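Structure record follows, encoded as structure tokens.
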Amino acid sequence: MSAQLAGKVALVTGGGSGIGHGIAAKLAAAGARVAISGRRRETLEAAVRAITGAGGEALAVAGDVVRRQDASRMVEETVAAWGGLHILVNNAGVAPGGPLSKMTDEDIDAVIDVDLKGPIHVTRAALPHLRRHKDDGGAVVINISSSVTHSVVVNTSVYSAAKAGVDQLTRCWALELAPDRVRCNAICPGIVDTPIFRAMMPEAAVERFLKQAAKLTPLGRPGRPQDIAALALYLAGPESEWMTGAVITLDGGISLGAG
């Protein structure tokens with residue numbers, strides 16, 4: 001445990017597993033009190049136990065970022081529990097893909113609603129609380145985008161478009177919120193080994209996929225949640241106080257097209 005973020009309160013959407021859980025654990029280890037949100041209460045409770053078991057402070061606030069009422073409630077529960085909100089991490093996301101002709105209406109709506117509209121709903125709900133810290137160090141929004149916005153990846157058109165929207169939201173919010181000392185930056189991960197792949201395909205297929213990803217990645221391996229969490233901690237902390245509007249690729253070089 002460290003005191004880098006002592007006294008800070010963070011909300012991480014999609015914080016029950018994968019990248020979101022890695023970020024939540026990292027922020028908590030740095031001293032922040034962290035609320036983690038998601039749709040599966042059991043997953044959230046397990047994540048809270050893992051963080052508190054390691055000496056951190058965490059709270060589960062179940063909800064769906066697609067629903068505006070849930071977005072507002074998650075923010076208000078966080079503030080009610082801990083008295084404020086300094087750090088918002090918009091991580092919740094889905095990634096159904098495939099050729100456009102094969103995507104269903106439900107697939108398309110899910111990607112746009114969760115990946116693009118979700119950050120809008122939660123950030124809008126959080127803004128009054130984030131703006132309150134203008135005179136005591138400011139506040140931070142971190143959006144989790146994707147490295148597919150920096151290259152063209154076949155069969156990801158809707159997902160890529162939604163995440164490109166997140167990149168532009170990041171830049172626009174950075175300019176809009178700068179007078180209130182609310183910094184906004186985005187992280188664009190490449191292929192990261194998280195439980196989401198095991199929910200989508202059999203274990204043997206996951207292993208083949210990750211081996212192929214390692215071959216395509218110039219640095220020779222897929223990402224790990226802690227890779228993304230380390231950058232999120234930097235963006236949340238005082239060392240990056242002059243940084244806003246940045247959209248940072250963190251993908252082992254895969255978007256360079258070497259594969």
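Everything numeric in this text was worked out from a predicted model, so none of it was measured. Position 1 is the first residue of the sequence, and the numbers go up from there.
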Side chains of D167 and T149 only: does a donor on one sit below 3.5 Å from an acceptor on the other? yes
For N185 and T170, which I'm curious about, is there any donor-acceptor pair between the side chains at under 3.5 Å? no
Can you check whether Y159's main-chain N or O pairs, donor with acceptor, with T156's side chain at less than 3.5 Å? no
Looking at E207 and K211, is there a salt bridge between them, counting it only when a charged N and a carboxylate O are closer than 4.0 Å? no
Is a donor on one side and an acceptor on the other found under 3.5 Å between the side chain of S147 and the backbone of S255? no
With sequence neighbours excluded, residues passing side chain to side chain donor-acceptor pair (under 3.5 Å) with R171: Q168
Give the cluster check for I23 versus V122: same hydrophobic cluster or not, with ILVMFWY residues linked at side-chain heavy-atom distances below 4.5 Å. no
What distance do S146 atom OG and D251 atom CG have between them, rounded to the nearest 0.5 Å? 9.0 Å
Holding to side-chain contact (heavy atoms from CB on, under 4.5 Å), I want the full list of residues that pass it with S157, two or more places apart in sequence or in another chain. L100
Given the options L216, V148, V153, I254 meets side chain to side chain contact (heavy atoms under 4.5 Å, CB included) only with L216
Per side chain to side chain contact (heavy atoms under 4.5 Å, CB included), W173 is matched among L127, V182, I120 by I120
R224 and D227: salt bridge (Lys or Arg N to Asp or Glu O under 4.0 Å), yes or no, with the steps? CA-CA 5 Å; R224 304 178 183 116; D227 295 320; 5.0 Å; no
Residue that, paired with R73, satisfies side-chain hydrogen bond (donor to acceptor under 3.5 Å, both in side chains) out of E77, Q69, E76: E77
Other residues, nucleotides and ligands only: do more than 12 of their heavy atoms fall within 6.0 Å of CZ on R68? no
Would you confirm whether T194, through its side chain, and I19, through its main-chain N or O, come within 3.5 Å as a donor-acceptor pair? no
Answer with yes or no whether the hydrophobic clustering places L231 together with V247; edges join I, L, V, M, F, W, Y residues whose side-chain heavy atoms lie under 4.5 Å apart. no
